[in-house]
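Residue numbers begin at 1 in each chain, while the letters A, B, ... track the order of the sequences.
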2 protein chains.
Amino acid sequence: MSPNSKKRAYQDGCAVAHALDIIGDRWAMPIMRELMLGPKRFTDLRAGLPGISANMLSQRLEELEAASIVVRGRLPPPAASQIYELTDWGRESEIVFQVLGRWACRSPTMEPGKPMSPVSVILSMRTMIDRDRIGDLDAAIGLRFGEEEFRVTLKGGDCLIDRGQAAGADAILSGDQNALVAVLYGGARYEDVHGALTIEGDRALAERFARLFPLPPKAPSMVSAG
Amino acid sequence: MSPNSKKRAYQDGCAVAHALDIIGDRWAMPIMRELMLGPKRFTDLRAGLPGISANMLSQRLEELEAASIVVRGRLPPPAASQIYELTDWGRESEIVFQVLGRWACRSPTMEPGKPMSPVSVILSMRTMIDRDRIGDLDAAIGLRFGEEEFRVTLKGGDCLIDRGQAAGADAILSGDQNALVAVLYGGARYEDVHGALTIEGDRALAERFARLFPLPPKAPSMVSAG
DNA sequence: CTGTATCCGTGTTGATACTG
DNA sequence: CAGTATCAACACGGATACAG
């Protein structure tokens, strides 16, 4: 395992310092992010975390397990492969990701256009949804990103977004999640990303849906006159 | 400066990944924490960050400045020494610290008793204050930790905690901030830490004050049978 | 296929010493 | 007081080999 696991730790009673001791290492939070919407296998995790090495992932999963953030499970037979899953407390960290994401998306140095994993996109929608804009919308939107399917349920002024069947929704968007990001946050129209994203069903609903996720204004840059 | 600053970055459009790119490096968030209540000099920062090396602090301050989180300033003459201070946007990250702290203080592996800086203690109080318990309390509590003074203002069911004169408050607690932590969060009574913390003024107020900061329940440990 | 263990080049961190 | 320089130790990332 970890023969001489001398973890470098802040010797600090501050709860934030403890948080950094357990989830502050490189890749720890992105791994948690990928698990936020449900269990994944080792290889699925790697797919959502471009650039991570098998070593890193293996080691971080051990550490997250030791911290009671992740538990190992096994899929029911016959596909009895190992899966990793957040604990209840691990799942409760979603609010941390939301608040951190809301703060960071105002960063003057954040440059758009970099690829996002399907889970990132879904979590960003959960974060940025403006419930005031839902109004009396009562509809379901299905999202298909490769093998992964999600469902957005708008009802009673609230919005639920989770894994679920896209089929049967009033509108279904299929294709590359990055194309959807361009539409939701990048000011693009569906026509602009045509070919990367296809729309089935209620087109007007898809248009209204695309405007439910406003971005907050950027913070001013303080670097060499701003 | 930074001759070959090849920063290792997540190539990820996720806002959380960007957050980690700019404040995910070791010591970045503790430095921000120390600046959260106002500007500090280099040496003051080191005092609140036991274990940090001078070059780390220097390098992180550069990076935080480049990210528009920190700006360099200068105290008015004659004490024209350099100070570091959060930008408006940097100060808006306090909510991140609060949410992260609230989540992390439930960690099964968090062990109490480690020392905290005066700023940490004040921020923890801002985080954990239970406004429902304030009731109709209308009073001021002064806190003195070494050279640093703070004031807690309870009024109209709300609570303001900031740097400010301790003198003139209805009750004044002076001494070691870690002793106050033991009383607020560790279940200790003032008598238990006598000598480390002295109380002037309204003793009953000090007692009521000490119960305004309840801790949430711990999350269960998932390690080897829980 | 699903991971784990080991080696190795490189960058980051931390301790000490030193300078304006 | 406010940092910079130097150097040793370690963490990271990639490749490869290995085990169930």
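Looking at B:Glu34, B:Gln177, B:Glu148 one by one, the single match for side chain to side chain donor-acceptor pair (under 3.5 Å) with B:Ser117 turns out to be B:Glu34.
Spacing between atom CG of A:Leu49 and atom C1' of D:dG13 amounts to 14 Å, rounded to whole angstrom units. The interatomic distance linking B:Ile31 (CD1) with C:dT13 (P) rounds to 11 Å, in whole Å. Taking atom CH2 of B:Trp27 as the reference point, atom C1' of C:dT13 lies 11 Å away to the nearest angstrom. The distance from atom CD1 of B:Ile52 to atom C1' of D:dA2 is 14 Å, rounded to the nearest whole Å. Summarising the geometry, the separation between CZ on A:Arg41 and P on C:dG3 is reported as 8 Å, rounded to the nearest angstrom. At whole-Å resolution of the value, CZ in B:Arg8 and C1' in C:dT10 are 11 Å apart. The distance between atom CD of B:Gln59 and atom P of C:dT12, rounded to the nearest whole Å, is 8 Å. Per the geometry, CD belonging to B:Glu62 stands 16 Å off P belonging to D:dA2, to the nearest Å.
For A:Phe42, whose side chain is taken as the heavy atoms from C-beta onward, the closest listed nucleotide among C:dT4, D:dC12, D:dA2 is C:dT4. Proximity note for A:Gln82 (side chain, C-beta onward) versus C:dT12, D:dG3, C:dG3: the nearest is C:dG3. With D:dC12, D:dG3, C:dT13 as the candidates, the nucleotide lying closest to the side chain of B:Asp25 is C:dT13.
Direction change of the helix axis from one end of the helix from C:dC1-D:dG20 to C:dG20-D:dC1 to the other is 30°, with five pairs defining each end axis (rounded to 10°).
Among the heavy atoms of the strands lying under 4.0 Å from A:Arg72 are primed sugar atoms or P, OP1, OP2 only; no base atom is included. Across all strands, A:Arg60 comes closer than 4.0 Å only to sugar-phosphate atoms, never to a base (heavy-atom distances). Contact annotation for B:Ser53: base contact, defined as any heavy-atom pair under 4.0 Å involving a base atom.
Note: B:Leu45 CG to B:Ile83 CD1 = 10.5 Å, rounded to the nearest 0.5 Å.
Mapping B:Glu63 and B:Arg46 onto DNA chain C by nearest heavy atom places B:Glu63 closer to the 5' end of the strand. Between A:Leu57 and B:Met56, the one whose closest nucleotide on DNA chain C sits nearer the 5' end is A:Leu57.
Between B:Thr43 and D:dA2 there is a side-chain polar atom (N or O) within less than 4.0 angstrom of OP1 or OP2. Using a 4.0 Å cut-off, no side-chain N or O of B:Arg26 falls inside it from OP1 or OP2 of D:dA11. OP1 or OP2 of C:dT4 sits under 4.0 Å from a side-chain N or O of A:Ser58. Residue A:Tyr84 places none of its side-chain N or O atoms closer than 4.0 Å to OP1 or OP2 of C:dT2.
Checked by distance alone, B:Asn55 brings a side-chain donor or acceptor within 3.5 Å of a matching partner on the base of D:dT6.
Contact between B:Ser107 and A:Ile22 at its shortest, heavy atoms only, is OG-CD1, 4.0 Å.
Using a 4.0 Å cut-off between charged side-chain N and carboxylate O, B:Asp176 and B:Arg144 make no salt bridge. Salt-bridge check for B:Arg126 with B:Glu94: passed, with a basic side-chain N closer than 4.0 Å to an acidic carboxylate O. Under the 4.0 Å criterion applied to side-chain N and carboxylate O atoms, B:Arg106 and A:Glu92 are assigned as salt-bridge partners.
For the pair A:Arg102 and A:Phe97, the NZ or CZ position fails the cation-pi test of under 6.0 Å to the six-membered ring centre and within 45 degrees of the ring normal. With a 6.0 Å cutoff to the six-membered ring centre and a 45° limit on the axis angle, B:Arg26 counts as a cation-pi contact of A:Tyr10.
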